[in-house]
Amino acid sequence: MVASLSSGVIPRIMHGEDISKPVLQILAIKKINSNADSERYRILISDGKYFNSYAMLASQLNEMQHKGQLNEFTIVQLDKYVTSMVGKDGAGKRVLIISELTVVNAGSEVKVKIGEPVTYENASKQDLAPKAAPPLANAPAKKEPAFKNNNNNNISMNTSINSGMTHPISSLSPYQNKWVIKARVTSKTAVRTWSNPRGEGKLFSMDLMDESGEIRATAFKEQCDKFFDMIQVDSVYFISKCQLKPANKQYSQLNNPYEMTFTGETVVQLCEDADDGGIPDIKYNLVPISEVSGMENKAAVDTIGICKEVGELQSFVSRTTNKEFKKRDLTLVDMSSSAINLTLWGDDAVNFDGHVQPVILVKGTRINEFNGGKSLSLGGGSIMKINPDIPEAHKLRGWFDNGGGDNIANMVSARTGGGSFNTEWLNLKDINIRQLGRGDKPDYFQCKAVVHIVRQENAFYRACPQTDCNKKVVDEGNDQYRCERCNALYPNFKYRLLINMSIGDWASNRWVTCFNEIGEQLLGHTSQEVGEALENDSAKAEQMFSALNFTSHIFKLRCKDEVYGDMTRNKLTVQSAAPINHKEYNKYLLKELQELTGIGSATK
DNA sequence: CCCCCCCC
């Protein structure tokens, strides 16, 4: 049963009449040759009497075309559409943009073009008049255009509000410049400045959402100043006259092929309705902290927890960009008896007051994985709420204030170090073959090696006695030691180990450096004992150090080129030294043998 | 027109 078309409606639609759910036939569909990132389809569509060759699919319908649902002769019902001018205001062509449709009859079923349609631009005056009689009786009377191009923005805004003629975010495209969206701000960045060879300036971005979709908007320079204070997360705004451009998917996690830029023409008006008019609330997909362990690195996480511990504000200069960053690490705990670290940046880090152990709700934080531990980082499109007034927050408060956070069993951010399975097995010759350590980031690997020589010279230094300061102190004489980092004089110091030793495997041998804790572990003595022996009892020191010779370990090594003056040295640092787990090591050897020989691939 | 978020 092939449906009948809504004969003669195309000219009326193109003249601004709002016709509910017209039934039309697709006569042709083709991809527009535009930017490779933004796929668009243009269609030739007919009502049986007239056709329109300037119709386009909103990108969320591309999928239907991919599935072959919009072939030649398909009969469709337009559930949602807008018309708009393409090109410069008033000078261009009017297009029909379809954002929702239903397939009524497949093209393969219809098989033929219905009627002998001519271009709607040839329609007579009579055909433009709204028809009074059915079948289009339920079509509403002709409405004012959603957003008149006049100078009084408020009047046209109100027109659009009252007539409910805002546009869905998902229908926005560069092909259409007259629209008003009604959208909730789901996140907002801090103001950031930039300076590069192409210029400098400042900007902030926000993410906008309505029932149809989401989009990122950015305000530069003057617009940044003009709108930054006005835009508030969670509020709903009417927004119009932004410039649309293809989104760079490399940077945007939002589900929209476009993003927008505020311009001098941009109008933003707060929607003060108590009822937000169907704009959904921000949805938090709250994940228990324990579940983050099982999630992918770099995945986005919404969660809620109590800030049990607050780290100091830290400042550092990025090695790659030379920019200064401020950060602060928090530890969040929740009722899954788990703890995770959360990193705050910039003003969030500076202004954070964790002494009252507030409830922290975050949305869109990123997972960073290191050595098997996972932590969260609050970045670009993330939001943080402190003590939000939601039931989950009150529940957590009650739980924590009654001692709930005292027995945290699961440290999601803890590094699994030691016998972790994810470090690659290599030998010491592979370092050269694979050119490890040349990149910006260090390379990590493990190998089985035997200790050849342990150097006693410079195996320790006298360090600042403060717990967290390990800086070498200056001996001022008369039993006074000065720490330049703490800018203080102390009557004492602590010994710290910094041991160089040569280790070898079947392929090669290399000098490696061990820091304090691993040095203590390998020598089987505290740094204090080792330091005292080296300073006062050379026979005892010799005994300690020689005991380490010719012992075998599984070394986890960090490999990185380091520059000393004009010299670059490929440096190996011991991350861990563990006894040989023969079961695990043999498994690796068997796998290597299989790969080398191709024999025994069925062996488990 | 930005798109940086280190280190371990």
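What's counted below: heavy atoms across the whole structure, side chains too, no hydrogens, waters or symmetry copies. In what follows, every chain begins at residue 1, and chains take the letters A, B, ... in the order their sequences are listed.
- For Lys221(A), whose side chain is taken as the heavy atoms from C-beta onward, the closest listed nucleotide among dC7(B), dC1(B), dC2(B) is dC1(B).
- Figure legend: cation-pi geometry between Lys188(A) and Phe228(A), with NZ or CZ positioned under 6.0 Å from the six-membered ring centre and within 45° of its axis.
- Here dC4(B) presents its C1' atom at 14 Å from CG of Asn368(A), a figure rounded to the nearest Å.
- In this structure, Glu222(A) reaches neither bases nor backbone, as no heavy-atom distance under 4.0 Å exists between it and the strands shown.
- The side chain to side chain donor-acceptor pair (under 3.5 Å) analysis of residues 212-227 of chain A, with sequence neighbours excluded, yields the pairs Ser170(A)-Ser212(A), Lys202(A)-Asp225(A), Ser205(A)-Thr218(A), Asp207(A)-Arg216(A), Asp210(A)-Ser212(A).
- Taking 4.0 angstrom as the limit, Arg192(A) places a side-chain polar atom (N or O) nearer than this to OP1 or OP2 of dC3(B).
- Between the side chain of Glu200(A) and the base of dC2(B), no donor-acceptor pair of N or O atoms lies under 3.5 Å.
- At a threshold of 4.0 angstrom between heavy atoms, the contacts of Ser377(A) with the nucleic acid are absent.
- As rounded to whole Å, 18 Å separates atom P of dC5(B) from atom CH2 of Trp194(A).
- Residues forming a side-chain hydrogen bond (donor to acceptor under 3.5 Å, both in side chains) with Lys326(A) (at least two apart in sequence, or on another chain): none.
- In this structure, Met206(A) places its CE atom 13 Å from C1' of dC2(B), rounding to the nearest Å.
- Counting to the nearest Å, the P atom of dC2(B) and the CE atom of Met260(A) are 19 Å from each other.
- When heavy atoms are screened at a 4.0 angstrom cut-off, Lys202(A) is found touching no nucleic acid atom at all.
- Comparing dC6(B), dC4(B), dC2(B) by their closest approach to the side chain of Tyr251(A) singles out dC4(B).
- Residues meeting the side-chain hydrogen bond (donor to acceptor under 3.5 Å, both in side chains) test with Ser375(A), sequence neighbours left out: none.
- Under 4.0 angstrom from either OP1 or OP2 of dC2(B) there lies at least one side-chain N or O belonging to Arg198(A).
- Following rounding to the nearest Å, Leu203(A) (CG) and dC4(B) (P) show an atom-to-atom distance of 12 Å.
- Note on residues 348-362 of chain A: no pairs pass salt bridge (Lys or Arg N to Asp or Glu O under 4.0 Å), not counting sequence neighbours.
- Neither side chain, Lys241(A) nor Asn177(A), offers a donor N or O lying under 3.5 Å from an acceptor on the other.
- Listed by first and then second residue, the ring pair (Phe, Tyr, Trp, His ring centres under 6.0 Å) pairs that reach into residues 287-312 of chain A come to none, sequence neighbours excluded.
- Contacts of residues 338-350 of chain A with DNA chain B (heavy atom under 4.0 Å): Trp345(A).
- Between the P atom of dC3(B) and the CD atom of Glu259(A) lies a distance of 13 Å, rounded to the nearest Å.
- An OP1 or OP2 oxygen of dC5(B) is reached within less than 4.0 angstrom by no side-chain nitrogen or oxygen of Lys298(A).
- Taking atom OH of Tyr444(A) as the reference point, atom C1' of dC7(B) lies 8 Å away to the nearest angstrom.
- Among the nucleotides dC4(B), dC1(B), dC6(B), the one closest to the side chain of Phe325(A) is dC4(B).
- Within the structure, a side-chain polar atom (N or O) of Asn196(A) is placed less than 4.0 Å from OP1 or OP2 of dC2(B).
- Under a 4.0 Å N-O distance rule, the pair Lys448(A)/Glu584(A) does not qualify as a salt bridge.
- The interatomic distance linking Glu562(A) (CD) with dC7(B) (P) rounds to 13 Å, in whole Å.
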